[in-house]
Each structure stands twice: as structure tokens, then as C-alpha cells.
J.: 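The structure's right below; bear with me while I get my questions together.
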Amino acid sequence: DAGVIQSPRHEVTEMGQEVTLRCKPISGHNSLFWYRQTMMRGLELLIYFNNNVPIDDSGMPEDRFSAKMPNASFSTLKIQPSEPRDSAVYFCASSPPGLRGYEQFFGPGTRLTVL
Amino acid sequence: EDQVTQSPEALRLQEGESSSLNCSYTVSGLRGLFWYRQDPGKGPEFLFTLYSAGEEKEKERLKATLTKKESFLHITAPKPEDSATYLCAVRTTTSGTYKYIFGTGTRLKVLA
């Protein structure tokens, strides 16, 4: 299996621009998570989906952030408009159904820099 | 407020020098404690999950233990390839919804 796939791997944009991060979970996994990692705050859960339905979005920092999961094999995290404080590494993770549902498989991350 | 604290922030060991990493937690309803390893420039990699006090899990030179207030990750006779950041996370439940909280990690450097 290819693992969790994220794109782009690096994104540099200017303040005010729209940014879209993409994630393809592992086939057969039914939960998907979006995290943000910074030196100051560590790894923070932004939102997670179960069977394509958003379950908890309490970690989404502001209305500028939105996430969608139109089908089981694709999710997006959008920031509009972007701000310099959004600079971070964004990870997507997925987990399988059943007894191993606690085990999250992380993608390689997208390093976002907002100038 | 649910909280996860890891210590120390950084640790340098000589190869073969055993030690322990600590993860203390304050949560309202624990539904699992997890350890991950993260290498530079990569996503975290799952190591262990623990559910109840007294539980232990082992994998090669790593052993994770759990009490009601903290978890330890014991590293026995570490090798340079064990150098990484080790993250602890808890899963809690509130009104039927799971929440996941990560600690800020311990950066481990093992010197040859």
C-alpha cells in the first residue's frame, strides 16, 4: 500500500491567498484526521471524519479553515484567506475500522509557509 | 481541561544507556494512551496503545507502561537509530465524541 498521500509537500503563499491541502487516505480506512504541527503548540487535531462525515471540528481555529471529505478516498483542508500565523506542517492521518481503529497512519505532511 | 505533558523536552543518551520518557496526563475520560515516534521531516509512526493502568507493551528495545496518571516509555540499551521525537497522545470521550490530545514530545538523541 502507498500509505497516506498528501499534496503538495511544500506550499509557499502570500498572506490573503487561498490554500488547499489534499489528502488521500489508505484504502479501506474509514476515519480521517487533519492535524497541524508547530514548534510552539506541537501536534493539534483540527478535525476528523468517520465514514466521510465530520465528527469533531472543535480544533479548527477559525472560520478561515474548512475541510471536506466528498468520498472515502479524498479530503481537502482549505484556508481562506491565509495568514502568516497559519505557517505550520499539516498532517493527514487515517485509521482502519474495527479493533485497530485506534492506530493512526500519518502522511508525510505539507509544509505551509505564508509570507 | 484535558492536558498531556511530556518530559524531558530533550534527552541525550550514550549508546547502551537505558532511560525513560514520561507522559503525564489529566483527562476526564481516558479511552486510550498512544505512543508515536516521529523522525525529522516525516509524519508520526504508531508504536503502542495502552488502555488500562498496569498494562505494558513491548517492541524491541521499547517498553511502554501505564498508571492512572502517567505513562512511561522505557528505552533499554538504545542505539543511534532510536534517535527521534517520541510523542504521547491520549484519546478521551466527551458526549460520545472522541478527542485526541498530543503532548509536545521528547526529542531523543542517542550518541554512538
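Throughout, protein chains are lettered first and strands after them, A, B, ... in sequence-line order, and every chain is numbered starting at 1.
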J.: Is there a path of hydrophobic side-chain contacts, each under 4.5 Å between heavy atoms of I/L/V/M/F/W/Y residues, joining B:L21 to B:L50?
T.: yes
J.: Non-hydrogen atoms of chain A under 4.5 Å away: do they reach the side chain of B:Y36, the backbone, both or neither?
T.: side chain
J.: Below 4.5 Å from any heavy atom of chain A, which atoms of B:F34 appear? Answer side chain, backbone, both or neither.
T.: side chain
J.: Give the interface residues of residues 7-25 of chain A toward chain B, defined by a heavy-atom separation under 4.5 Å.
T.: A:R9
J.: Is B:E45 in contact with chain A via its backbone, its side chain, both, or neither, using a 4.5 Å heavy-atom distance?
T.: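 No part of B:E45 comes within 4.5 Å of chain A.
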J.: Please indicate whether B:E15 has more than 12 foreign heavy atoms, meaning atoms of other residues, nucleotides or ligands, lying under 6.0 Å from its CD.
T.: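 Yes, the 6.0 Å shell around CD holds more than 12 heavy atoms from other groups.
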J.: Taking atom NZ of A:K68 as the centre, does the number of heavy atoms from other residues, nucleotides or ligands within less than 6.0 Å exceed 12?
T.: no
J.: Using every non-hydrogen atom in the two residues, find where A:Q104 and B:F46 come nearest and quote the distance to one decimal.
T.: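 Closest pair (atom of A:Q104, atom of B:F46, distance): O-CB, 4.1 Å.
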J.: So which part of A:F91 gets closer than 4.5 Å to some heavy atom of chain B, the side chain, the backbone, both or neither?
T.: side chain
J.: Using a 4.5 Å heavy-atom cutoff, which residues in residues 105-115 of chain A come close to chain B?
T.: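 Expected list: A:F106, A:G107, A:P108.
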J.: Do B:L30 and B:Y98 belong to the same hydrophobic cluster, where Ile, Leu, Val, Met, Phe, Trp and Tyr are linked whenever their side-chain heavy atoms lie under 4.5 Å apart, directly or via other members?
T.: no
J.: Please tell me whether B:L47 and B:V90 are part of a single hydrophobic cluster in this structure, the criterion being side-chain heavy atoms less than 4.5 Å apart.
T.: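 Yes, it is one cluster - the side chains of B:L47 and B:V90 are joined through contacts under 4.5 Å.
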J.: Only heavy atoms, only distances under 4.5 angstrom. Which residues in residues 31-65 of chain A are near chain B?
T.: A:F33, A:Y35, A:Q37, A:R41, A:G42, A:L43, A:L45, A:Y48, A:I55, A:D56, A:S58
J.: Between B:L87 and A:V4, is there a shared hydrophobic cluster once you connect ILVMFWY residues whose side-chain heavy atoms come closer than 4.5 Å?
T.: no
J.: Identify which part of B:Y51 has an atom lying under 4.5 Å from any heavy atom of chain A, answering side chain, backbone, both or neither.
T.: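 For B:Y51, the contact with chain A is made by the side chain alone.
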J.: Relative to chain A, which segment of B:T49 carries a heavy atom at a distance below 4.5 Å: side chain, backbone, both, or neither?
T.: side chain
J.: With the 4.5 Å side-chain cut-off for hydrophobic clustering, are A:Y102 and B:V4 part of the same group?
T.: no
J.: Taking 4.5 Å as the heavy-atom cut-off, does anything in residues 102-112 of chain B contact chain A, and if so which residues?
T.: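 Residues of residues 102-112 of chain B touching chain A at under 4.5 Å: B:F102, B:T104.
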